[in-house]
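Chain letters run A, B, ... following the sequence lines, proteins first and then strands; every chain starts at 1. None of these values were measured; they are calculated from a predicted model.
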Amino acid sequence: MIDLRVNGTPYTVDGSPLRPLAGVLREELGLTGTKLGCEAGDCGACTVLLDGQAVASCLLPAVRAEGKTVTTVEGLGAPGHPHPLQEAFKRHAASQCGFCIPGILMAATEIVARPGPLTRADVVAGLTGNLCRCTGYAAVIDAVLDAHAQLHPAAQTQETTATPGAPDA
Amino acid sequence: MREPRWVGRDVPQIDTDDKLSGATAYLGDLALPRMLHGAIVRSPVPHGRIRGIDLTRARKVPGVQAVVTAADAPHVAFGPYTPDWEILARHKVRFVGDEVAAVAATTPEAAREAAALVTLDIEELPAVFDPALALAEGAPVIWDEHPDNVSTLFTIERGDVTAAFDRADLVFEDTYATNRIYHAYLEPIGAIAAYEHGSYLMHVPTHIPYRARLTYAAALGVDVDRVRIVVPPIGGSFGAKYEMNTPLIAALLARQAGRPVRILFDREEDAAVAHPRPPFVFQHRIAVGSDGTFLGRQTDVIGVAGARTYWSPTVVATAVHRVDSLYRFGAMSGRGRLIYTNENPTTCMRGFGNAEALFGIEQMIDDIAAKLGHDPVDIRLRNAVREGETTIHGWHISSSKLPQCIERVQRMSGYPHRPRTPAEATGTPGGVARGMGLAIGHHVSGYRTILGDYDGSSAFLRLGADGDVSLYVGEPDIGQGQRTVLAQIVAEKLGLDPGRMSVHGVDSALSPAAVGTLASRATTMAGMATLAAADDARAKLTAFAAAHWGIPATDVTFDDGVLTGTGTTLPVREALRLYGVANCGLPLLATGVHHPPTTVPDKDKYGNPSAAYPFAAHVAEVEVDLATGQVTVTGYWAAHDSGTVINPATARGQVIGAVAQGIGWALMEDVVLRDGVVRNPNFLDYRIPGAGDIPDVQVEFVDGYEPNGPYGAKSVAEAAINPVVAAIANAVHNATGHRFHELPITAERVFWRLHGTGPNVGSPA
Amino acid sequence: MTPATPFATPFATRSAPAPTATPAYLRPATVGETVGLLTRHPGAHLLAGGSDLMNELRLGLLPPATVIDTADLPELHVLSADGDIVLGAGITMRHLLTAFPPADGRLRALRQAADLLGGRQIQAVATLGGNICHASPAAETAPPLLVHDTLARIAGPHGERTIPVADLWTAPRRTSLTSGEILLDLRIPAACATRPSAYRRIELRRSVDIAVVSAAAALETHDGTIHAARLALGAAGPVPFRVPEAERLLTGVELTLDADGAPTGPLATALAQAAQACTAAARPISDVRSGAEYRRQMTAVVARRALEAAARKVSP
């Protein structure tokens, strides 16, 4: 028996403590917004927030979510009140087939939660764990920057050229 | 004409809210009552004779409800091009991964466990993995019906090629090879099948459901109306999810179990057996006059079919002759051969042979220009097919703004200021060389021969009395934003908000039959049918209003969603309500049929297969790390002629997405096979570009109008990938002085070219 | 994140864990209890972040043996940064990145490696102990731990022992941990932690990737001269290793950098020689990512880049 708190709702589920959280969310709780793209932690489609941190739910033993807060794409925004990220993704036409999008939105939630300036390179660095085959990422990155600006109007969003993956000198 | 209100605007995608909230239910998110889970038993050897299959242990696994082999399948040969498909292997297995048996159980785990317990007794046969070896005397024969291992032969000839080469001042010859590319959509392949009262219901994310239905009905030995295909939202395809054995295996299991069955691949299975882009070897010869005029072309193409024939025959044909609607090569002759090997079968992918051909041709044209001392842009313009022309194969170019694209991309990118010498390219600090490359490309907007019986499209609109408006077409949306584009077309005609419309998913029991979403045809073909349906709705609403007011229809105007009679008006939603009241609830049904001006090519392959041809000019800027050989794309510019752009935001997304796929193909993607086994069946070792691998891609659409497309529109999606690998290869040449004749242009390959001959690189030991 | 295995996993031979074979799950509260369980369950898997274990169990690359969860072991979750640095084996990459921001300057090489290990989603769970006990020759954090002169503290049935981290790896995917043993923490002497250091890798893409080859470097300098150098390579042999010959060539060399931070004079010469020593020391393999000879050549490039980056961090 594992006690989980997902999108503010408590659940108790049966099964192995080692069952991947993604399977529990999808099969037991019916939260199919969390997608399985590789089940190996390489694509990010299954990203959820665990106490506000992006994690790959395909590799997370369900027991590791016990006593923590899980947020899935279904918990992002509310009907009629989309999260600023969802609004920005819509404005920027940032979704194509849409399969990677829930995972990207959850990874981006952590990125945009951060106050202070956010650069293009920051967004790229924050999304290295998410693959998308349709968009080429441009609209996705624009949307994340836009949502951050909506959430933190005071923070100056600087436009810089991304030098992704470059470690600090 | 008034300014368009919806066409040409960045209308938000009408199906995006569900995608952004996680509500969109893809195949893996569907759960049918009593649904079982299937798993496929696949051959572990590349070639062998099946001596026996022992199902005893598999049947004993708790939860197993069905176990099938070839004995449970109708004994019919079928296949989209060549009847070399079997639902399950009957006598022989022909590749590692060939389907031999399948299991359905109450859980995916039980199904997989049972599948692992099926014991195969296979007598291994000699196998062949190299098309050249497959063509050699004495090679293992994969199909008795094809003792030469040639699946398909395509030949074509126009004009006097010998004479053209005889009078040429220069002849350029080169060999170029393109590689196996995994489509790498994020949603793995799957299918759900159910069987009831002699009919099959399949939930399959195919984008050619009607063509697939013909294949599946033939395979199952039933009439076509006994197969119903419902298309769920598709999580990416790029050509992979046309037709497969998977839905048929699910159908056999469902029939035996009497319950619905879902088969859903994991990534490893998907990457190992989903059908990749076929690898090609091109031998190109181009005859050129001293002024830079192309006089003749000869191309010989060898492509790999793998162990059975999917859609690669048409890809080979495209690779041989589509480039003749981009350039006037004068006389040409071409031969394409698609060869069987004991490898996972190949199929089409975005670009469809055209990008592959351009990889070599566009590099050779740079070489020709250099040799003759011409500017590479001038030589392209001199030989480019122009608007209004009919090409040597009878393809009619009803619109082309290619010269404007070339002019625009040069201005956007600064290509004229690229380095002209290796010293200039390497003169930058940091141990890197920089260069720029240009390539052009084109494509079709539909291809006439796909369904055989007809081309074009049809659509119907259901305008309900309560104001609910739904459009039905037979072309599934594959994420490219087609739903929104079609809704914009309806909105423009009827003055309705596209955000309040729905474009219904394709269901063969409900939607118009159609050729499908392929060959970049949806906007053009479904768009024209939709336009016709919207026109029909306008006419019917106008007639209804006229009758309502008792005035002649000619006295009624219909503009921006309002019907106006003599001194009175009626908003369209109110008109629909009155129409429903007057007709006891019947929705207003409007239909549209579009017959495009295309022809089936004749026996000499002459005829116009597409209604519209899009064009593009791209420039890539690269940085080459001289110490490691690593190529980084640092800038990218794309200028496109897609006629009228109905939704600039989604069209731009198509271009950037295609460029990203092209960057992956050019630099890092390769399905690595050893002895027929895919060695990199995962996203860690089959690398697709991540956010950090794509530079800022600048996209501009030049003004254009395509007379055969809705509101002047033609296609975007494939034209956008076709120049990419060539543009990058030309940029690498500009930076390093080295021509790369094979893909991908990996750091390792570049390193050994820069630092002398190394060991054999590419495929691992 | 599971690296390619020497053999692909064809479907027919892939043994999916059966429902009945779901691994037993044990969750000890103390190290002593853990050692006892490990002794009683030979072949049991230790669960740290799970990012490798879960995937390899799914693929059937590991047998579905008993899983012992380390979540409740306090010793594994210590991060102490006053004086000597102690990093519990269960410390995540994310925790490392937070604890040692770029401005801190300590353990720069390790920090840079942690930043390159997987995406953010993996960094949130992947642990130091998991990364090094998985014993991949390409393990991201291994070369930095080598150049930081790290000591590994191990608990076992016969008490504790402490070894240089280099002695942890014996072969690809093999460690020197014996039955019943568990890695508790990693200790980096204060003086080593502050050495200017850097980590570099050759990668095939700018997103999540595994190193083709990697190198970490750390320099101890006095008055503009290198007094001690550390250089370690990843994916260049069966285990991550230091290159003593390269370190020797750099010792006593003056740090001659030009205004742009590029090495000149004696430093340039020594770096070139050290890079060559790496090439000579490398025993890489060919695999799906790269040929052995390219890997060997790249050890020189990556070592040089790591050394230059470390040199640029030396305060003038």
Minimum side-chain heavy-atom gap C/R206-A/V124 below 4.5 Å:
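No, every pair of side-chain atoms sits at 4.5 Å or beyond.
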Would you say that C/R120 contacts A/T47 through its side chain, given a criterion of any heavy-atom pair below 4.5 Å between the two side chains?
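In short, these two side chains do not touch, never coming nearer than 4.5 Å.
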Contact class of A/P17 relative to chain C, heavy atoms under 4.5 angstrom:
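Only the side chain of A/P17 comes within 4.5 Å of chain C.
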Closest contact, heavy atoms only, [X] versus [Y]:
X: A/A107; Y: C/Q121; answer: CB-NE2, 4.0 Å
X: A/P61; Y: C/L47; answer: CG-CD2, 4.0 Å
X: C/R58; Y: A/A40; answer: NH2-CB, 3.9 Å

Distance, nearest 0.5 Å, that separates CG of A/L131 from OG of C/S207:
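Answer rounded to 0.5 Å: 7.0 Å.
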Any chance you could measure A/R64, atom CZ, to C/D69, atom CG, to the nearest 0.5 Å?
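A/R64 atom CZ to C/D69 atom CG measures 4.0 Å (nearest 0.5 Å).
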Please step through side-chain contact (heavy atoms from CB on, under 4.5 Å) for the pair A/D42 and C/I122, ending with a clear verdict.
CA-CA 9 Å; A/D42 296 325; C/I122 297 298; over 6 Å; no
Got a list of side-chain donor-acceptor pairs under 3.5 Å for residues 49-60 of chain A, not counting sequence neighbours?
from  : atom 1 : to    : atom 2 : distance (Å)
A/D51 : OD1    : A/T69 : N      : 2.8
A/S57 : OG     : A/C46 : O      : 2.6

For C/R94, is it the side chain, the backbone, both or neither that has a heavy atom under 4.5 Å from a heavy atom of chain A?
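For C/R94, the contact with chain A is made by the side chain alone.
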Give the C-alpha distance, both sets of side-chain angles, the deciding distance and a yes or no for side-chain contact (heavy atoms from CB on, under 4.5 Å) between A/E39 and C/L59.
CA-CA 10 Å; A/E39 298 170 75; C/L59 290 170; over 6 Å; no
